[in-house]
Visitor: 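Once you've had a glance at the structure underneath, I'll fire off some questions.
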Protein chains: 2
Amino acid sequence: MANNNELEQYLKLIKELDSDNNCPVRSALEMIGGKWKLRILAQLLRKEVVRFNELKRDLSGITNTMLSNSLRELENDCLITRKQYNEMPVRVEYNITDRGKNLLPTIYELNIWWDDFITSS
Amino acid sequence: MANNNELEQYLKLIKELDSDNNCPVRSALEMIGGKWKLRILAQLLRKEVVRFNELKRDLSGITNTMLSNSLRELENDCLITRKQYNEMPVRVEYNITDRGKNLLPTIYELNIWWDDFITSS
DNA sequence: CTGCATCCAAGGCGATACTG
DNA sequence: CAGTATCGCCTTGGATGCAG
């Protein structure tokens with residue numbers, strides 16, 4: 001991993017992080033935590049626009065309650081947007097925001113790390 | 001964020017990820033999840049070697065039970081190592097492994113993401 | 001000093017039924 | 001179609017006391 005310059009930069013960051021409250025890393029993790037949020041975000045990254053029941057079908061096993069709650073929280077955190085069309089029956093579309101898309105490098109790094117982890121064990 | 005090449009690479013990854021089980025990203029997150037593990041790892045990244053009660057003092061608010069459980073799980077996952085010296089009284093030293101150190105780029109990306117998130121809101 | 005055993009509270013998560 | 005309401009389980013995490 002990384003060269004020495006990067007390593008030093010990383011360690012410098014770690015030393016500056018708040019070890020108790022207001023740690024940006026933990027805040028970020030909380031925002032995408034929970035059992036379903038990452039799957040929802042991944043699906044929205046794949047599809048750009050998804051409807052409620054479509055998402056429910058895509059995420060095998062999720063219940064109405066959890067999908068509804070997760071979507072609302074993700075919307076409150078500005079990671080996704082919700083558009084409601086008052087047709088009959090109602091149509092609602094969810095899509096990911098730029099902030100949501102900005103998670104891609106992090107997801108990428110997590111994937112790299114896990115791959116290294118597996119291949120070296 | 002990122003140029004178009006990187007973006008495409010990231011999206012390609014997302015599309016290949018297992019949307020149900022065995023997703024490497026979720027597996028990685030589970031391994032560093034929970035209330036205290038990230039703080040423990042951060043402290044070990046700062047100090048290289050730490051003893052039990054020293055760590056307990058550093059992590060304000062953690063209980064014996066949680067520190068003990070977290071340390072054992074981190075050791076089982078090969079993110080830290082435990083060395084016991086049978087002196088009197090017993091002395092135990094914990095330090096981070098290379099696998100643990102490899103988390104640095106991920107933590108760095110999470111920090112970047114959160115900073116962008118905050119400054120653009 | 002370094003933990004483990006036990007008990008307890010809170011919240012995440014799920015099943016089911018129902019509504020505009 | 002897109003949710004909400006209610007209920008209940010089970011896991012996570014905390015408090016306390018004890019042990020090698």
Side-chain angles (χ1 to χ4, degrees), chain A residues 19-21 23 26-27 29-44 47 49-77 79-96, chain B residues 19-21 23 26-27 29-44 47 49-77 79-96:
Chain A
S19 48
D20 290 335
N21 309 311
C23 169
R26 277 202 310 285
S27 302
L29 283 180
E30 276 172 24
M31 199 167 271
I32 61 173
K35 181 167 179 181
W36 297 100
K37 285 189 182 175
L38 205 59
R39 301 185 217 214
I40 291 172
L41 290 172
Q43 199 60 16
L44 277 172
K47 287 193 167 184
V49 177
V50 189
R51 299 178 58 177
F52 188 90
N53 276 326
E54 182 186 2
L55 202 45
K56 193 179 166 189
R57 262 177 272 117
D58 293 340
L59 304 176
S60 137
I62 196 171
T63 61
N64 279 358
T65 311
M66 285 310 297
L67 181 53
S68 180
N69 290 346
S70 304
L71 286 171
R72 190 166 349 99
E73 289 175 18
L74 289 171
E75 192 196 2
N76 289 340
D77 289 337
L79 298 183
I80 67 175
T81 57
R82 191 189 108 108
K83 272 182 226 155
Q84 177 169 337
Y85 301 89
N86 290 317
E87 309 167 349
M88 185 63 77
V90 176
R91 179 164 59 101
V92 177
E93 288 182 351
Y94 292 95
N95 54 286
I96 197 154
Chain B
S19 47
D20 290 336
N21 308 311
C23 169
R26 277 203 308 284
S27 302
L29 284 180
E30 277 173 24
M31 197 165 272
I32 62 173
K35 183 168 178 179
W36 298 100
K37 287 189 180 173
L38 206 58
R39 302 185 219 213
I40 292 172
L41 290 171
Q43 199 60 15
L44 278 173
K47 287 192 165 184
V49 177
V50 189
R51 298 179 58 178
F52 189 89
N53 275 328
E54 182 187 2
L55 202 45
K56 193 180 165 187
R57 262 177 273 116
D58 294 341
L59 304 176
S60 136
I62 195 168
T63 62
N64 280 359
T65 312
M66 286 310 297
L67 181 52
S68 180
N69 290 347
S70 303
L71 286 171
R72 189 169 352 97
E73 289 176 16
L74 288 172
E75 191 196 2
N76 289 340
D77 290 338
L79 298 184
I80 68 176
T81 58
R82 192 190 107 108
K83 273 183 226 157
Q84 177 169 338
Y85 301 90
N86 290 317
E87 308 168 349
M88 183 65 76
V90 176
R91 180 164 59 100
V92 177
E93 288 182 354
Y94 292 94
N95 55 284
I96 196 154

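All heavy atoms count here, side chains included; hydrogens, waters and symmetry mates do not. Numbered from 1 within each chain, the chains take letters A, B, ... in sequence-line order.
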Visitor: Ignoring backbone atoms, test whether R72(A) places a side-chain nitrogen or oxygen under 4.0 Å from the OP1 or OP2 oxygen of dG3(D).
Guide: no
Visitor: Write down the distance between CD1 (I40(B)) and P (dG13(D)), rounded to a whole number of angstrom.
Guide: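 Between P of dG13(D) and CD1 of I40(B): 11 Å.
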Visitor: Counting heavy atoms from C-beta on, name the nucleotide in dC13(C), dG3(D), dG13(D) closest to the side chain of M66(A).
Guide: dC13(C)
Visitor: Give the C-alpha distance, both sets of side-chain angles, the deciding distance and a yes or no for side chain to side chain donor-acceptor pair (under 3.5 Å) between N95(B) and E93(B).
Guide: CA-CA 7 Å; N95(B) 55 284; E93(B) 288 182 354; over 6 Å; no
Visitor: For N69(B) and dC7(C), give me the distance from atom CG to atom P, rounded to whole Å.
Guide: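 Distance, rounded to whole Å: 16 Å.
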Visitor: Counting only side-chain nitrogens and oxygens, does N64(A) get under 4.0 Å of the OP1 or OP2 atom of dG3(D)?
Guide: no
Visitor: Check the distance between dG3(C)'s C1' and E54(B)'s CD and give it to me in whole angstrom.
Guide: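 Rounded to the whole Å, the gap is 16 Å.
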Visitor: Given L67(A) and I40(A), is the side chain to side chain contact (heavy atoms under 4.5 Å, CB included) satisfied, shown in steps?
Guide: CA-CA 9 Å; L67(A) 181 53; I40(A) 291 172; 3.9 Å; yes
Visitor: Would you kindly give the CG-to-P distance between L74(A) and dG3(D), to the nearest whole Å?
Guide: 13 Å
Visitor: Is it the case that the base of dT2(C) and the side chain of S68(B) share a donor-acceptor contact (distance under 3.5 Å, atom types as modelled)?
Guide: no
Visitor: Hey, can you pull the residues of residues 82-92 of chain A with a non-hydrogen atom under 4.0 angstrom from DNA chain D?
Guide: R82(A), P89(A), V90(A), R91(A), V92(A)
Visitor: Answer yes or no: is there an ion pair linking K47(B) with D58(B), defined by an N-O contact shorter than 4.0 Å?
Guide: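 Here K47(B) pairs with D58(B) in a salt bridge, since their nearest N and O are under 4.0 Å apart.
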Visitor: Can you find a side chain N or O atom of K35(A) that sits less than 4.0 Å from OP1 or OP2 on dG14(C)?
Guide: yes
Visitor: If we ignore hydrogens and angles and just use 3.5 Å, is the side chain of E75(B) paired with the main-chain N or O of R72(B) as donor and acceptor?
Guide: no
Visitor: Does a side-chain N or O from R51(A) land closer than 4.0 Å to OP1 or OP2 of dC1(D), or not?
Guide: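 So the side chain of R51(A) is outside the cut-off, no N or O lying under 4.0 Å from OP1 or OP2 of dC1(D).
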Visitor: Rounded to the nearest 0.5 Å, how far apart are CG of L59(A) and CZ of R57(A)?
Guide: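 Between L59(A) CG and R57(A) CZ, I get 11.0 Å after rounding to 0.5 Å.
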Visitor: Between the two ends of the helix from dC1(C)-dG20(D) to dG20(C)-dC1(D), what is the bend in degrees, rounded to 10 degrees, where each end axis spans five pairs?
Guide: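 Inter-axis angle at the termini of the helix from dC1(C)-dG20(D) to dG20(C)-dC1(D): 50°.
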Visitor: Quick one: pull up CZ in R51(B) and NZ in K56(B) and give me the separation to the nearest 0.5 Å.
Guide: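 If we round to the nearest 0.5 Å, R51(B):CZ and K56(B):NZ are 14.0 Å apart.
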Visitor: What integer distance in Å separates I32(A):CD1 from dG12(C):P?
Guide: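 So the CD1-P distance, I32(A) to dG12(C), works out to 17 Å.
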Visitor: Please list, chain by chain and in numerical order, all residues satisfying side-chain contact (heavy atoms from CB on, under 4.5 Å) with E87(A), sequence neighbours excluded.
Guide: Y85(A), R91(A)
Visitor: Using whole Å, what does the distance between atom C1' of nucleotide dT16(C) and atom CD1 of I62(A) come to?
Guide: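 After rounding, the reported distance stands at 16 Å.
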Visitor: Please report the interatomic distance CG(N69(B)) to CG(N64(B)), rounded to the nearest 0.5 Å.
Guide: 10.5 Å
Visitor: Are OP1 or OP2 of dC1(D) and a side-chain N or O of Y94(A) less than 4.0 angstrom apart?
Guide: no
Visitor: Which part of the nucleic acid does T63(B) contact within heavy-atom distance under 4.0 Å: base, sugar-phosphate only, or nothing?
Guide: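 Sugar-phosphate only.
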Visitor: Nearest 0.5 Å, what's the OG1-CD1 distance between T81(A) and I96(A)?
Guide: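 Interatomic distance, T81(A) OG1 to I96(A) CD1, rounded to 0.5 Å: 9.5 Å.
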Visitor: Whole Å only: how far is the CD atom of E93(B) from the P atom of dT2(C)?
Guide: 10 Å
Visitor: For dG14(D), take OP1 and OP2 only and decide whether either is under 4.0 Å from a side-chain N or O of W36(B).
Guide: yes
Visitor: Would you please test L55(A) and L71(A) for side chain to side chain contact (heavy atoms under 4.5 Å, CB included) and show each step?
Guide: CA-CA 10 Å; L55(A) 202 45; L71(A) 286 171; 3.9 Å; yes
Visitor: Without decimals, in angstroms, what is the distance between N53(A) CG and dT4(D) C1'?
Guide: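 From N53(A) CG to dT4(D) C1': 14 Å.
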Visitor: Would you kindly compare T65(B) and R57(B) by the position of their nearest DNA chain C nucleotide and give the one closer to the 5′ end?
Guide: R57(B)
